[in-house]
Amino acid sequence: GRGFAFQRKQKVERQYRKLLKKRRQVDSQQDDQFTDSYPEHLKHLYLAEEERLRKRRRTPDDSVSSEKNLNKTADGCCIYGYVCLMVISVSGTCTFSSSSVVTQGKFKNKTSNQKAKEEYEKIKAERARKKEEAEKRKQQREEAQRLYKKKKMEAYKVLSKKTKKGQPNLNLQVEFLLQKIQQNT
């Protein structure tokens with residue numbers, strides 16, 4: 001027995017932990033009110049997107065020059081300074097009359113989804129390879145067991161032969177031992 005005092009002590013400790021937990025939640029909510037917070041498992045995606053948007057933002061000089069060149073583009077491949085993905089995917093570059101913009105560098109970086117797919121494919125291939133190896137080992141083991149049982153059965157047949165009177169046939173046993181010795185040497 002742990003008497004009533006122990007139970008009372010545990011109850012007070014639980015209430016105290018609840019109170020601390022509530023205070024932590026209230027403090028964190030007040031801190032997070034004015035800042036962006038992301039779920040922990042998706043945080044890297046949001047941060048990467050923020051970084052990409054920061055890099056994509058253009059300076060005022062770039063936007064003015066791109067608007068001037070808007071009417072001069074080949075095949076109308078630019079819209080307000082942004083390159084159309086269809087033209088890029090076909091040709092790889094978008095050419096202005098005054099300058100050219102190579103966009104292949106942007107598309108070399110793989111998205112997290114593409115990375116995950118590649119990793120999944122690698123894991124899948126590795127599993128298939130391991131499965132094949134295991135299957136080969138299993139077949140070899142089964143073949144070895146089959147041969148072993150066959151040899152054992154032949155030896156048993158030879159050693160268990162009896163004479164007409166029911167006595168063991170020692171001549172066959174001696175011949176079997178002689179064969180075994182000759183095979184080992």
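Predicted, not measured: the structure shown is a model, and the values here were computed from it. Values below: all heavy atoms of this structure, side chains included; hydrogens, waters and symmetry mates excluded. Throughout, numbering of the chain's residues begins at 1 and tracks the sequence.
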Step-by-step salt bridge (Lys or Arg N to Asp or Glu O under 4.0 Å) determination, Glu121 to Lys124 | CA-CA 5 Å; Glu121 292 299 325; Lys124 197 174 179 182; 5.0 Å; no

Show me the donor-acceptor pairs within less than 3.5 Å that the side chains of residues 145-152 make with the rest of the protein, sequence neighbours left out.
{"residue": "Arg146", "atom": "NH2", "partner": "Glu143", "partner atom": "OE1", "Å": "3.2"}
{"residue": "Arg146", "atom": "NH2", "partner": "Glu143", "partner atom": "OE2", "Å": "2.3"}

Can you sort out the partners of Ser160 under side chain to side chain contact (heavy atoms under 4.5 Å, CB included), two or more places apart, ordered by chain and number?
-> Tyr156

Closest non-hydrogen atom pair between Lys110 and Gln114, with its separation =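 Minimum heavy-atom separation between Lys110 and Gln114: CA-OE1, 3.3 Å.
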
Heavy-atom pair of closest approach, residues Asn169 and Thr163 | CA-CG2, 4.3 Å

Would you sort out whether Lys115 and Glu118 count as a salt bridge (Lys or Arg N to Asp or Glu O under 4.0 Å), showing the intermediate values?
-> CA-CA 5 Å; Lys115 289 178 186 175; Glu118 284 184 3; over 6 Å; no

Interatomic spacing from CD in Gln183 to CG in Leu178 - rounded to 0.5 Å |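 Those atoms lie 10.5 Å apart.
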
Between NZ on residue Lys180 and CG on residue Asn184, distance to nearest 0.5 Å = 7.5 Å

Between Glu126 and Lys122, is there a side-chain N and carboxylate O pair less than 4.0 Å apart?
-> no

Quickly, which of Arg129, Lys130, Lys136 forms a side-chain hydrogen bond (donor to acceptor under 3.5 Å, both in side chains) with Glu133? Name it, please.
->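 The side-chain hydrogen bond (donor to acceptor under 3.5 Å, both in side chains) with Glu133 is passed solely by Arg129 among Arg129, Lys130, Lys136.
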
Acceptor/donor pairs from residues 3-13 side chains to any protein atom, 3.5 angstrom cut, sequence neighbours excluded:
none

Test log, rule side chain to side chain contact (heavy atoms under 4.5 Å, CB included), inputs Leu170 and Gln173 = CA-CA 5 Å; Leu170 294 178; Gln173 290 182 6; 3.6 Å; yes

Between Arg54 and Glu50, does a salt bridge (Lys or Arg N to Asp or Glu O under 4.0 Å) hold up when you go through it step by step?
-> CA-CA 6 Å; Arg54 260 191 237 119; Glu50 269 184 32; 3.3 Å; yes

